[in-house]
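Report on one structure; see the data block that follows.
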Amino acid sequence: MNDGNLHAGIPLPPFDPVGLPAPAALILGLAYLTFTLHLVAVNFTLGSVLLMVWARLRPDPAREDMARFLGTVAPLGFSYLVTFGIPPLLFVQLLYGQFFYSSSVLVGAFWISVIPLLILAYGALYAHRLTRDGRPGIQGPILWAALLGMLAIGFLYVNNLTLAMTPGRWIEMYAAHPSGGTLNLGEPTILPRLLTFLGLSPAMAGVVLWARGRRLQGATGREAVATATQSAGRKAVGIGVGVWVAGVAAWVATLPDGPRTLLLGGGTWTVAAAAAAVLVLAALLPALLASRGPTPAPAVLSGTALVLGLASLILVRDRVRMEYLRDFVALPEIPVHPQWGMLVLFAVTLVLGVAFTVFWLVRVVRRVPDGAAPSSR
Amino acid sequence: MTAKEGCVDEGTTGRRGFLALLGGLTAAWLAAAAWPVFRYLSPRPPPDPFAGEGKALVKGIAAAEVARPGQGANGSYGGRGVVVFRTPDGQLRAFDSKCTHAGCNVQFQGDRIYCNCHGGTYDLEGRNVAGPPPRPLTPLQVTAEGESLYVSPVSS
Amino acid sequence: MNYPVWDVPVLGAGLVVAIIAVFHVLVSHFAIGGGAFLFAAEWWAGRLVRSGRPEDGLRVRGFLHRYATFFLVFTTVFGAMTGVGIWFAIALASPEGTSLLIHQFVFAWATEWVVFLVELSLLYLYYYGWKHNRREDQVFLAGAYFVVSWFSLFIINGILSFMLTPGGWTIENRDLAAAFFNPSYWPSLVLRTVTMGLIGGIGGILVAGRMDPGDPLKARVVRFSAAFVVPAAFLVPLLFAWYWSTLPEGTVQMVQEGVAGLGGGRLTAITRHLVLAGVAGSAVMAGVLVAVFRPRVVTTGAAVALLLMVQMGLMGAEFFREMARKPYVLHGTLYSNSLWRRDVDAGPSVLKAPFLQRARWHPAVEEMSPEHGEWVFRLQCASCHTREGYRDIASRTAPWTPEFAFQWFETMHEPGVMPPFQGSAEDRAALAAWLLNLHGRTLDGRDVLRAAEKAANPAPPPAADPLLPREAQP
Amino acid sequence: MSSDLSPIPPEAEPRLPAPGSRAGRAARWLLARYPVWPIVEHLAEKRVPRHRHSAWYAMGGIVLFFFSVQVVTGILLMVYYDPGQPWQSVQRIVMEIPYGALVRSIHHWAANLMILAIFLHLFSTFFLKAYRPPRELTWVTGLVLAGLAMAFGFSGYLLPWDELSFFATRVGISEIEKAPLVGGFLADLVRGGPDVTVATINRFYPLHVVVLPLLILGLIGAHLTFVQVQGVSEPDSFRALPPEQRKYHKFFGEFLVAEIPVWLALGVLLVALAALAPRALDPEANPAASAPEGIKPEWYFLSQYQALKLFPGSLELLGQALLGLVPLAMVAVPFWDRSIPADARGRLATRLGIAGLAGLVAMTLWGWLS
């Protein structure tokens, strides 16, 4: 099954001789969890940048406060989105390396440019933060650099990973561009797919703003800012959800028959897809109904719905990927040489590390006064 | 720097010591970095004249020149000097002609081997019998093959 | 063999990896050594306060905050991103090798990821908590950051050193412990650790360079930073000797021959990079000495020069480590061009089989046409050689004749710096034709075969000994 | 007993190391024999202005650093180079002598970086207008030094006697040959015959290792003495500042010390370049063989080479004449643009300089790409 020669004309490499260090299902699970966290961070950071751009359009004290807050947390969001991006990429190379490495080389010249783009976007976010008091003049361009950089990276990812799922295109592409100076533009699902991943970003940043706005109500003398922040956050949630739902619909529509029937055929996966939509839409309810109040509860509720919705969509996406690749690989048939010891070591480190970090996070945050943006001075 | 400096300071001695330490370490590192230059300049060992078939052709002396007793001549082998002669009793002998005193090339003078630089004198066995030379000459095994002579190290 | 080769013009995929990696090595070592520096400086500031000099303590912390800001941006933006960059680049340059490393070490990497996650969070808690945290918390956070980040080295070092000295590991036994704690693991771990201290100190001098010459604190900070260089100055030579003793003898031989001779300047690259590391080391020492001797004149320019010396020294050392693996990407198992050693051991049946049938990543080409040759070059040579760029093939083949080239592919692996040629006589002929056409010829494989047959004795004329690149060619 | 020892000047006493210390005794011993205190004082006074463009003051020192590298590596190469069998001896250097390839590559790279540094030094001096009175002679000696450096490059390029160097030299000398009347004679004089042969090496070698070094050392001495006597020039923007805002580095002890790490870094850079891009030795020169493809002069001759291409056939003489005017014009600048602060002429000179620099870069790139 993992012998490339089975597929005449498709130079699919064989599976790695070392085999899998743990059952595929387990690895798939880890990939799934970390990828969900990754996407949450992506959406939050991208959303923050979008909202900062919006806040610059017609600046007023409230918007400047929002931009200042988002500008402080965006670099942190970015560094976590990268960090949480690592394990899913690691695990996908473990399971689907035959496909991923091949497609990466085919678009190599563009794929490697993800790195300079990362540095550009991340550096821009820090530059934006460190120059905001000194040189406000260059803030706009810097912000746009960050935004375009992030969008370009998202596009390149979707481009490469859709190519990984369509080995039929490989050989012609390589023969024409052995230096990887080409992209998988013939793929109709790319833009819709990008929307399913990024559409929620205004909403993700929105709920955070909204929660902050509600916290601010406590702080005296900042009621105006608090109100503006809350309504901005709630609007952003609405917009995000709208864009996302449209994106998912377009994605399902552009899928090839196999995967599409899987999602529309009325089976388990139809339910899962529907559940994703319902959860995300549910995030609107608190945003529409919640009354003013100092507790961040409704925002938290809305945010949870968003995360769960996104999570279920990723589950669906994983299944769709298997459908794409059903002729080429069946994960359960890959030889497994388990490294239980290492797995335990990993799990223990994870638990201890997270516990330690959270302990100190709480300890530090407790000292930060309400409503103050975390700052370095 | 010490006095006007508003900061705590282990005092000049501490700094001097630190400077000395750093200086020493730096010197060591720079010396190490000069190693390639040393290797570049250090000469290759000269080739062994007997390399190959274990004997070296004598240049500048034909067998005929030392055919009769009492005849002798200076020549060279593998870039070094050699003195070849035939003793009164007709034996063909050869010595590395470098005098053991100051490195002039010695000369065969019938009954003795003589060095014109400082009058070092050797007998026909190559033993240093008079004058400054501290050691005997280096003897060589000489063989005639047709018109040409060959020398090889004396097997001892 | 199973994956497409990323054919990068002029640079070559390997140099793309190197360009990212060389920079990453500096920053990642700084990310750990700087942690030690932060901790030590926090402790220093605390000691000043306790010893009744609170104002000095505050000024040290003022410097420390400048250091921390530089440290945070530099290490998270450039360090972390270039780290991901290496991963991207090696996956493009050697998919097969990357895949093997990941399948063998995935949980080591996952664990390192946890370590990195914690390290990152601690840094943010330290930096963003600057205003509100208690000082003793700051000291602890800095110390914890250093310890945790050092463990990321502890892990990645296992994988790095494994590629050069796999020790008891084989593709069959998959022995993780043997692979991780391989022969060169401990020496390179300690070697890198002391180097980190050095780089952390250089960072201190760099930040001090921005202080006003009049500021009396400047001299103190420069000397405090310079102290971080001392351990490395003492230990690096000893540790390198230890590391050296663990290297494969093929490598040792390559370095010794590289002192002169073999290639007269091209195959000696590995030795030259070793020299570079040494020269850079002594230059750094001299520079630091100057800084300590006249701390007030340490300008940003001078400090940056110091940093560049370190960068170039690291470049020499890392190039050395990479070249030490020649011709393997994973020593003894996988060649740099993704040829598996076991396929070589399998003998002619595999090695001399028609190449393009084994390597499926090519369009249909006419047998022995120049295109055939170009695809052989791309799939077999292009992972290390460019046409006319870094390690270019054009100049190396300038004096070649058809029969000689055809013959040479048989023996190119014997000096031990290149993998054996894969493929049939037709493949060799096609490649030879394509190479010679780079020099204005118009041959195809058949011409080469004919020439080879005509040459009664195909032994290479000394006039064009392939082991001597063109420097040496008469 | 009487003695001709000169007394230590009183103003010197406080500035000298303590009389007890070893340094103190040495200093007094020397001063008693060589009463140079005024000079010492003058040098100690020497200072370098601190402003946006201060970095350019380092260029001169950098050129000097590269030059000293050339002296050292040059001597090392002479140990094994043999003008009698040039190519073979260079091959021996890169093939047999330990680290020979390294030494040769460093000599090659330092030569190129030195010329580059000279260009930077020259243009920064020009745009900072440091050539204006009283520094005309510093400028002129600088120009001559630049010319000598080029001569070093040209004469040294032939010595390995490989294909490239042979044809490059042939082409280079043929330019001389085109000069009217004396051209042919001069060319033969330089070549030691009607064509480039080993006889040419026997002329270039002493030129490269004896004649030019003597000349350049003398001129460097003069150039530096001028700078030391007159001090570093200050750009108009700096002079315009009120005195309290004009900040200075001491030249010795501060500026120079701060430059040491830069030299060290450049030294390491040379080794790095030698490691990454060693100088290749091409096949031995064969006067009968066809010139190798894409042969070009060294980059620092490219602009002239390309410029001459613009004057085909009979016009070539004109081109040479025009090119010949360039150095003359450069020599003339300080005698024409004299006023401080800069007046109309000064601004014009700057514009011409920018044009010249642009032309130089453009021509070089064009020549390099074509």
Side-chain angles (χ1 to χ4, degrees), chain C residues 15 213 258-266 268-291 293-294 296-299 301-313 315-316 319 390 395 398-399 439-440 468-474, chain D residues 50 54-55 58 62 87-88 90-106 108 160 162-164 247 249-250 252-284 286 290 292-294:
Chain C
L15 199 58
V259 167
L262 201 64
R266 235 185 209 130
T268 63
I270 184 172
T271 315
R272 289 198 311 269
H273 280 97
L274 203 51
V275 173
L276 170 59
V279 171
S282 38
V284 170
M285 290 303 298
V288 171
L289 183 66
V290 170
F293 186 66
R294 283 265 185 284
R296 302 179 65 253
V297 306
V298 175
T299 57
V304 168
L306 214 48
L307 194 68
L308 290 179
M309 291 180 233
V310 177
Q311 171 69 87
M312 289 187 279
M315 184 184 89
F319 266 76
Y390 183 65
S395 68
H439 305 290
L468 315 179
R470 55 198 272 264
E471 284 96 330
Q473 302 291 8
Chain D
R50 286 166 59 187
S54 290
I62 288 172
W87 188 86
Q88 290 75 2
V90 175
Q91 190 198 27
R92 177 154 179 266
I93 289 176
V94 294
M95 298 286 303
E96 289 172 31
I97 310 302
Y99 304 102
L102 193 68
V103 174
R104 176 167 183 252
S105 295
I106 292 178
H108 162 78
D162 60 9
E163 270 179 358
L164 268 177
K247 292 215 172 55
H249 281 302
K250 273 198 170 344
F252 294 97
E254 282 186 3
F255 180 79
L256 215 52
V257 178
E259 202 170 339
I260 294 175
V262 178
W263 295 336
L264 288 167
L266 291 171
V268 179
L269 174 67
L270 287 174
V271 183
L273 287 169
L276 285 171
R279 175 62 171 158
L281 177 63
D282 291 326
E284 181 171 14
N286 170 4
S290 70
E293 290 172 20

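Proteins come first, then strands; the chains are lettered A, B, ... in the order of their sequence lines, and each starts at number 1.
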(message) As a quick check of understanding, evaluate side-chain contact (heavy atoms from CB on, under 4.5 Å) for C:Arg272 and D:Leu276, giving each step before the final call.
(response) CA-CA 8 Å; C:Arg272 289 198 311 269; D:Leu276 285 171; over 6 Å; no

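For residues 276-283 of chain C, the interface with chain D (any heavy-atom pair closer than 4.5 Å) comprises C:Leu276, C:Val279, C:Ala280, C:Ala283, sorted by residue number.
With chain D as the partner, the residue from C:Pro213, C:Gly287, C:Ala302, C:Gly301 showing the most heavy-atom pairs under 4.5 Å is C:Ala302. Per-residue heavy-atom pair counts under 4.5 Å with chain C were compared for D:Ala58, D:Ala55, D:Gly253, D:Gly267, and the maximum is reached by D:Gly253.
Rounding to the nearest 0.5 Å gives a distance of 9.5 Å between CG of D:Leu266 and CG of C:Leu308. Atom-to-atom distance recorded for D:His249:NE2 and C:Thr299:OG1 is 7.0 Å, nearest 0.5 angstrom.
When atom types are taken as modelled, the side chain of C:Arg294 and the backbone of D:Ala258 share no donor-acceptor pair closer than 3.5 angstrom.
Residues C:Met315 and D:Ala272 approach most closely at CE-CB, 4.1 Å, considering heavy atoms. Between C:Met312 and D:Ala265 the shortest heavy-atom distance is CE-O, 3.4 Å.
With a 4.5 Å cut-off on non-hydrogen atoms, D:Leu269 touches chain C through its backbone and its side chain both.
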